[in-house]
Amino acid sequence: MILISMPAAVQYIFWQKFRLPFAATLLTLCLVAGEWLNWTANFAGWGYFPLDFVWPATLIPSGIALDVILMLTGSYVMTAIIGGGLWSLLFYPANWVMLARYMLPTNMNGFLMSLADVMGYQFVRTGTPEYLRYIDRGTLRSFGQDPIYISMFFAAFACMVVYILFVGVGYLFTKAQFSWLKRI
């Protein structure tokens, strides 16, 4: 939900000064590209951590939705309500494509586990205490039922609030007077 802050501020600046409705999409593209470089270099390059276990989340559909709502309505309030809500509601389905392959159930030593649980059980993390490595005999409830929908709708409300706050930050940046530059 804090990821909407920078696109909101820059979207205000681009829309007010240039009437360009692609700031959120451009920022999310740059953010995802930077995160891929960072995660590939740091996790795989420095830490030798498998990239199948970590990857940056994709925000591109959320950024497109934010820009389309602003372009269609022209209102920051409607963009906050509809676009801010869509920002978080699109996050889970957009990343489900990357997560779906790890949610397949499998049987390991008589226990029903997901492939994500098996990967976490097989990959020994030396810095993690044993009680955190313990894989519970369980179901996939925490991945696909009520907690996801509750967190999605809370995040939608929080994104609406954060969007409005950072549109205000964008407003402050457009109204800032840089008188010290005139002296140079």
Could you state the interatomic distance from [atom1] ([X]) to [atom2] ([Y]), rounded to the nearest 0.5 Å?
| X | Y | atom1 | atom2 | result |
| --- | --- | --- | --- | --- |
| Asp117 | Phe111 | CG | CZ | 12.0 Å |
| Ile81 | Ser75 | CD1 | OG | 8.0 Å |
| Met113 | Leu104 | CE | CG | 15.0 Å |

State plainly whether one hydrophobic cluster holds both [X] and [Y], where clusters connect Ile, Leu, Val, Met, Phe, Trp and Tyr through side-chain heavy atoms under 4.5 angstrom apart.
| X | Y | value |
| --- | --- | --- |
| Ile4 | Phe157 | yes |
| Leu165 | Trp15 | yes |
| Leu20 | Phe173 | no |
| Ile64 | Leu29 | yes |
| Phe166 | Leu172 | yes |

Applying side-chain hydrogen bond (donor to acceptor under 3.5 Å, both in side chains) to Asn42 and not counting sequence neighbours gives Asn38
Residues in side-chain hydrogen bond (donor to acceptor under 3.5 Å, both in side chains) with Thr25, at least two apart?
-> Asp67
Min side-chain heavy-atom separation [X]-[Y] under 4.5 Å:
| X | Y | result |
| --- | --- | --- |
| Leu115 | Arg101 | no |
| Tyr92 | Trp96 | yes |
| Leu66 | Thr79 | yes |
| Ile69 | Trp87 | no |

With distance as the sole test, does Ser114 use its side chain to make a donor-acceptor pair with the main-chain N or O of Met103 at under 3.5 Å?
-> no
Nearest heavy atoms of [X] and [Y], plus distance in Å:
| X | Y | result |
| --- | --- | --- |
| Ser88 | Ala155 | OG-C, 3.4 Å |
| Leu3 | Leu31 | CD2-CD2, 4.0 Å |
| Glu35 | Ala57 | OE1-O, 4.0 Å |
| Leu112 | Pro105 | CD1-CB, 3.8 Å |
| Gly63 | Ala24 | O-CB, 3.6 Å |
| Ala65 | Leu90 | CB-CD1, 3.7 Å |

Should the pair Tyr12 and Tyr171 be assigned to parallel (<30°), tilted (30 to 60°) or perpendicular (>60°) ring geometry?
-> perpendicular
For the residue pair Gln11 and Tyr163, confirm or rule out a side-chain donor-acceptor distance under 3.5 Å.
-> yes
Please say whether more than 12 non-hydrogen atoms of neighbouring residues, nucleotides or ligands are located less than 6.0 Å from CE in Met6.
-> no
Around Tyr102, counting heavy atoms of other residues, nucleotides and ligands shown, do more than 12 lie under 6.0 Å from its OH?
-> yes
